[in-house]
Amino acid sequence: RKAAVIFLICLTFGGSALAVALVAGDGRQTSKEGPGGPDTNAGTNGGNYSYGPPQDWGKSSCGRATAELPPLTHARPVEGSPISRVAFASCFRPYLQVSDALWRHMRETFRPDLFIWLGDNMYLDTETAMNDKRRSYNEAKSDQYYARFGPVAEPKIPTVAIWDDHDFVEDNMGKEYPCLASSQNEFVNFFNLPPSDPRHSAQGSKQRFGVYNSHMFSIPQKQKRHPLINLDNRSHRSPTFSEHGPCEGGNSTMLGAAQWEWLEQEILDKKSVIKLLSSGVQVLPPTNKDRPAEEYCAYDGEDGTFVKATVDMEEDGPDAEGTKYEGWSEFPAERARLLRLAQKSINTGQAEHVIFLTGDQHWAELQAKRLSDSEDAGPSRILFSVTASGIDQHYAESVPNLNRLRVRTADRRGDGSFVEECNFPFVVEGRTHDECADIFGSGTPGCGIQTNARDEIIDDQWGNCLDAKKELVARNDMTYGKTNICTDNYHHTCAAQANYGGLVVDWEAGSIEINLFTPHEYEEI
């Protein structure tokens with residue numbers, strides 16, 4: 001059959017198989033209609049998690065939006081409603097779309113109960129032109145494909161959101177932005193948040209400084225609930241490099257003190273089977289080492305938190321490569337804190353799995369990382385993340401990521417550094433192999449890590465395979481395609497016209513599918 005390509009991973013929860021899949025399967029459940037309504041979760045509406053009025057409160061220099069708002073509206077989810085199917089996406093440029101393929105597939109094939117915008121929900125790089133920002137939001141909401149098949153169409157798909165740099169203000173900016181309140185008000189208008197929402201200006205001096213939020217949903221036919229935690233990695237973020245403002249060294253922060261306090265309560269005090277955490281930028285890729293450490297604003301010396309966090313995450317070696325683009329990796333101590341917090345949530349019985357949903361990069365990929373034992377966070381755990389980014393845009397370039405999921409892991413010609421991915425099939429002496437094999441008669445299974453168009457190993461590009469028992473996900477528990485990938489990384493889909501993600505939970509079977517859909521491209525699978 002023909003289907004948009006992707007992958008499958010199997011984990012476990014509740015003693016049953018948990019499958020995380022990137023594959024274009026057909027959804028079977030009708031999306032929830034419902035009008036939405038005020039957010040009644042204390043993690044969102046209650047608590048003392050506000051910085052008070054943002055710094056541009058009442059400043060005329062920040063501009064004023066006067067453009068009329070469109071009649072189309074986003075629906076809010078009803079707290080406590082049953083959720084089994086969640087779609088998510090980021091980086092929306094309406095004018096680059098070539099058809100309605102993505103939104104139509106999302107609505108008619110996947111049929112989600114909930115949609116999550118992960119940031120860059122429209123693009124307008126401006127610090128003060130709020131009327132232009134409103135117009136850009138209006139254009140995104142009124143886009144012909146989005147209006148007809150997106151979450152604003154009837155029946156509405158309940159929607160929640162965070163922002164990233166291009167809808168927040170402009171490329172790579174954080175808390176140095178002087179017009180946060182004005183920009184936040186346009187975010188509130190676009191997503192039709194009610195006055196009771198803490199992010200709404202109607203809250204006055206109690207308005208939340210930033211767009212972070214959480215929601216509690218129920219398991220169908222059961223009393224148990226599971227949370228969705230949406231992080232704001234812009235409003236309080238310290239400068240990443242000196243061109244964005246004065247560096248703060250060891251005091252650098254990604255979330256700010258108030259959001260960290262809120263997050264710790266959300267992730268440690270609310271028991272659930274699964275916790276979903278969304279972030280506008282990627283979480284699992286390591287810090288990029290092509291740039292000297294001293295150039296990062298968070299760097300605080302050889303004995304400081306920057307280096308200690310890199311060592312703690314076991315990513316201080318030369319093979320621990322990560323994206324050169326924005327991410328939590330630019331703040332190693334903050335990233336380590338987040339990952340250890342997720343690990344602690346699992347080890348204290350507050351969750352069986354924590355899964356990160358991320359955007360920003362204009363590609364799709366699956367990632368996994370095993371955290372070492374920790375005195376505070378407890379025994380070693382594996383964390384998973386999925387990136388869905390690009391409507392309709394893609395970045396077709398090889399980007400390193402030590403923590404990108406691998407079909408089978410290998411070293412380089414027996415050097416013992418298991419950071420490469422096997423490329424199947426591969427040919428040795430005229431024989432084709434689709435599994436690791438003792439290709440040199442040494443008694444050690446190996447594979448090709450680079451092959452040519454005839455599947456022959458290129459220039460001694462082979463390696464010994466990692467013991468299958470040590471893989472983070474067994475190959476038999478994955479399915480994956482070979483279309484739209486970059487170089488030989490099966491789980492880096494960077495050449496598709498567009499992509500979005502979809503998570504499906506079968507609560508009875510104890511399974512999860514994490515799909516990455518590329519509705520414009522198909523192959524035989």
Side-chain angles (χ1 to χ4, degrees), residues 36 38-39 44-45 49-51 53-57 59 62-70 72-77 88-92 94 115-143 146 150-152 158-171 173-175 177-204 206-215 230-237 255-256 259 278-281 359-360:
D39 191 346
T44 302
N45 260 0
Y49 303 112
S50 174
Y51 276 89
Q55 53 191 306
D56 66 319
W57 195 269
K59 285 186 178 179
C62 292
R64 182 169 175 265
T66 58
E68 186 176 349
L69 296 172
L72 288 169
T73 59
H74 288 100
R76 295 279 288 157
F88 47 95
S90 64
C91 305
F92 182 33
F115 185 80
I116 307 171
W117 271 119
L118 296 171
D120 290 343
N121 310 316
M122 64 82 184
Y123 283 70
L124 183 70
D125 286 13
T126 179
E127 292 193 23
T128 59
M130 291 302 137
N131 206 41
D132 290 341
K133 184 182 287 286
R134 178 175 290 186
R135 289 195 184 100
S136 292
Y137 271 129
N138 289 352
E139 289 169 4
K141 187 181 284 186
S142 302
D143 167 71
Y146 191 73
V152 295
T159 301
V160 299
I162 49 176
W163 58 18
D164 199 29
D165 48 354
H166 293 286
D167 44 351
F168 171 58
V169 51
E170 61 186 38
D171 199 34
M173 285 188 70
K175 69 178 183 180
Y177 179 39
C179 294
L180 170 60
S182 299
S183 184
Q184 183 167 317
N185 288 343
E186 295 312 309
F187 175 95
V188 166
N189 287 332
F190 180 66
F191 289 107
N192 306 103
L193 303 185
S196 59
D197 191 289
R199 295 165 291 178
H200 199 288
S201 60
Q203 296 292 310
K206 294 182 179 180
Q207 182 184 10
R208 174 170 290 170
F209 183 4
V211 301
Y212 56 96
N213 60 97
S214 68
H215 303 268
N230 301 310
L231 303 177
D232 180 346
N233 50 251
R234 289 294 162 189
S235 300
H236 312 292
R237 198 201 68 179
L255 301 182
Q259 189 175 178
S278 71
S279 169
V281 295
D360 182 55

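The aromatic ring centroids of Phe92 and Trp117 lie less than 6.0 Å from each other. For an aromatic pair to be called close, the ring centres must be under 6.0 Å apart, and Phe115 with Phe88 fails this.
Under the 4.5 Å side-chain criterion, counting only non-hydrogen atoms from C-beta, Phe190 is not in contact with Leu69. Asp165 places a side-chain heavy atom less than 4.5 Å from the side chain of Asp120. Looking at heavy atoms from C-beta onward, Glu127 lies in side-chain contact with Val169 at the 4.5 angstrom threshold. For the pair Pro151/Tyr146, a side-chain contact is recorded, criterion being any heavy-atom separation below 4.5 Å from C-beta on. Residues Ser182 and Asn185 fail the side-chain proximity criterion, which asks for heavy atoms closer than 4.5 Å. For the pair Gln207/His200, no side-chain contact is recorded, criterion being any heavy-atom separation below 4.5 Å from C-beta on.
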Determine, step by step, whether Thr73 and Asn192 satisfy the side chain to side chain donor-acceptor pair (under 3.5 Å) criterion, reporting the C-alpha distance in whole Å, the side-chain angles of both residues, the deciding distance to 0.1 Å, and the verdict. CA-CA 6 Å; Thr73 59; Asn192 306 103; 4.9 Å; no

Decide yes or no on side chain to side chain contact (heavy atoms under 4.5 Å, CB included) for Leu118 and Asp164, but give the supporting numbers first. CA-CA 7 Å; Leu118 296 171; Asp164 199 29; over 6 Å; no

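Between Arg76 and Val160, the shortest heavy-atom distance links the atoms NH1-CG1, 4.4 Å. When all heavy atoms of Asn138 and Ala67 are compared, the closest pair comes out as ND2-CB, 4.5 Å. Smallest separation of non-hydrogen atoms from Leu124 and Ser136: CB-OG, 3.6 Å. Scanning all heavy atoms of the two residues, the minimum distance from Gln203 to Pro195 falls at NE2-O, 2.8 Å. Taking all atoms of both residues into account, the shortest heavy-atom contact from Glu170 to Thr126 is OE1-N, 4.2 Å. Considering all non-hydrogen atoms of both residues, Lys141 and Pro70 come closest at CD-CG, 3.8 Å.
For the pair Asp232 and Arg234, the salt-bridge criterion is not met [side-chain N within less than 4.0 Å of a carboxylate O]. Using a cut-off of 4.0 Å between Lys/Arg side-chain N and Asp/Glu carboxylate O, Asp167 and Lys133 are scored as not salt-bridged.
Ring planes of His74 and Phe191: tilted class, angle from 30 to 60°.
Atom CZ of Phe209 sits about 11.0 Å away from atom CD of Gln259, to the nearest 0.5 Å. Distance CD1/Ile116 to OG/Ser278: 6.0 Å, rounded to 0.5 Å. Trp163 contributes atom CH2, which lies 4.5 Å from atom OG of Ser235 (distance to the nearest 0.5 angstrom).
In this structure, Asn233 contributes its side chain and Gly280 its backbone to a donor-acceptor pair below 3.5 Å. Looking at Arg199, its side chain does come within 3.5 Å of a backbone N or O of Val211 through a donor-acceptor pair. Counting only distance, with no hydrogens or angles, the side chain of Gln184 and the backbone of Arg208 share a donor-acceptor pair below 3.5 Å. Side-chain atoms of Ser183 do not come within 3.5 Å of backbone N or O of Cys179 as any donor-acceptor pair. Listed for the Asn121 side chain is a donor-acceptor partner under 3.5 Å among the backbone atoms of Ile162.
Evaluation of the ring-ring contact (aromatic ring centres under 6.0 Å, His included) rule for Tyr123 yields His166 as partners, not counting sequence neighbours.
When each of Glu139, Glu186, Glu68 is tested with Arg134 by the rule salt bridge (charged side-chain N to carboxylate O under 4.0 Å, His left out), just one qualifies, namely Glu186.
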